[in-house]
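Report on the structure given below.
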There are 2 protein chains.
Amino acid sequence: MSLLPKQKVYQGVLDEIRGFIEKNKLNAGDKLPSERELAEKLQAGRSSIREALRALELLGLIETKAGEGTFLSTYRPFQTVELLSSFILQESNTREDLFLSKRIIEKEAAKLAFDRFTDQDFEEMYRMIDDTYEHPNDRHVAFFNFIFMKTGNLLLARIWHLMEKFSHTIKRDVYDPSFYRELVRLYTEHDYVSIENLFSKQES
Amino acid sequence: MSLLPKQKVYQGVLDEIRGFIEKNKLNAGDKLPSERELAEKLQAGRSSIREALRALELLGLIETKAGEGTFLSTYRPFQTVELLSSFILQESNTREDLFLSKRIIEKEAAKLAFDRFTDQDFEEMYRMIDDTYEHPNDRHVAFFNFIFMKTGNLLLARIWHLMEKFSHTIKRDVYDPSFYRELVRLYTEHDYVSIENLFSKQES
DNA sequence: AGTTATAGGTGGTCTGACCACCTATTAATT
DNA sequence: AATTAATAGGTGGTCAGACCACCTATAACT
């Protein structure tokens, strides 16, 4: 008796598709093989292929146009998030993990970006801080998005963005207004070591 | 000509299912109607029902057991984050991002776990360090897996595992053997602040 | 009563059939 | 010849029906 639950076909298809994208170095906008072609190539029924594709579509990873084909899309989580938020039963453990993880990543990004700012960048950050937003969280997103871009670490940025989207639907998680200003101040004064402390103070 | 793209059947099914759950006040663990029953009730083909259910399953919102039925599950974003991350990971061309991010997460986990060790834990960690492994990376994985478990942050652990899996296939990323021993020493001597430095030294 | 068949329900999967839609090629029209 | 119209083939969207493997409760047997 195996402890491994046998993998469903559509799960395998997911892996295969991922492999295909990697192997062929596909980028956003590129076309995937047709459903019928995939079915033949992967030795699976078209319905199984579709189950995998539909799931990917719901996650916003692919776009499908009737009569044309299936295409890799630039990742936009909005539809996923919206769907999830309507289903979500909040589980405190999960929530805490999420917020804690997000904060860690924000902190490390803030440190990574430390020596990559110009005077013009500081101006722009102050401007973002002073701007008025519809939702307080928009400031947070704009501000940290700027920082993440400065780190040049796209992966970290994407993961953060993902976490941001997920946490956003559950509860507001905005830092104290003075926080942002203080962070920029640390940047301008080249005070690296205090960044860690600044984030620690934000523990709620 | 309508600007609204006509909704696909499985999208509608998603809405119907959500409505069904709400209307009948279903909680985690409760059973959904069978696929055939839903197909009849919603006037749709079973394959369309399945496309919706598979998407929900991938999102971690439902669980299906062959021969039994489909059940509401407690919501865990881990699965989703994992899947999305796996796509995001392969997309980012720079593998350096991956290693840097992984190291950051390992470092923060090491700090999170700081005050959660017992003397027995230290013994176990030393044992893991001294064990012989087939691959050097196995030690790394075993050691940090232990640390991640101690943090109690399952989300962070999963993301790390994912990164580990990806990086593993590309290039070995093992710390200096003395590193692990030194980390445990910092734990035993309650030297929190030196953890950050220890990881910095590992910069290659 | 306890055990063993058994029948029916359930998800898992495949196949084949249409439909609506898009595009490129071809044919018809001017 | 240039333009337009018809067409054929590919693509996703959807359905119906067929098996299979698996589970469970019931019925039959000992």
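All values derive from a computational prediction rather than experimental measurement. First the proteins, then the strands, lettered A, B, ... as listed; each starts at 1.
- A straight line from CG of L53(A) to P of dG13(D) spans 9 Å, rounded to a whole angstrom.
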Pairing pattern in dot-bracket form [Watson-Crick, G-U; both distances under 3.5 Å; | = partner strand] for DNA chain C: ||||||||||||||||||||||||||||||
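- Under the rule for a side-chain hydrogen bond (donor to acceptor under 3.5 Å, both in side chains), the partners of N145(B) that lie at least two apart in sequence or sit in another chain are H161(B).
- Not a single side-chain hydrogen bond (donor to acceptor under 3.5 Å, both in side chains) links T132(A) to another residue, sequence neighbours left out.
- Here D15(A) pairs with R18(A) under the salt bridge (Lys or Arg N to Asp or Glu O under 4.0 Å) rule; sequence neighbours left out.
- Nucleotides of DNA chain C that come within less than 4.0 Å of any heavy atom of chain B span, from the 5' end to the 3' end, dG9(C) to dC21(C).
- Looking at residues two or more places apart in sequence or on another chain, you find no ring-ring contact (aromatic ring centres under 6.0 Å, His included) involving Y10(B).
- The side chain to side chain contact (heavy atoms under 4.5 Å, CB included) search around A66(A) returns none, not counting sequence neighbours.
- The nearest heavy atom of DNA chain C to V9(A) and to A66(A) marks one nucleotide each, and the one closer to the 5' end goes with V9(A).
- For D121(B), the side-chain hydrogen bond (donor to acceptor under 3.5 Å, both in side chains) partners two or more places apart in sequence, or in a different chain, are T118(B), K150(B).
- Applying the ring-ring contact (aromatic ring centres under 6.0 Å, His included) rule to F179(B) yields the partners Y175(B), F199(B); only residues at least two apart in sequence or on another chain are considered.
- Nucleotides of DNA chain D nearest to R54(A) and R36(B) differ in position, and the one nearer the 5' end is that of R54(A).
- In this view, R181(B) and D130(B) satisfy the side-chain hydrogen bond (donor to acceptor under 3.5 Å, both in side chains) rule, not counting sequence neighbours.
- DNA chain D lies under 4.0 Å from at least one heavy atom of each of the following residues of residues 38-52 of chain A: R46(A), R50(A).
- In this structure, R54(B) pairs ionically with E35(B), as a charged nitrogen and a carboxylate oxygen lie closer than 4.0 Å.
- Not counting sequence neighbours, the partners of F117(B) by the ring-ring contact (aromatic ring centres under 6.0 Å, His included) test are F122(B), Y187(B).
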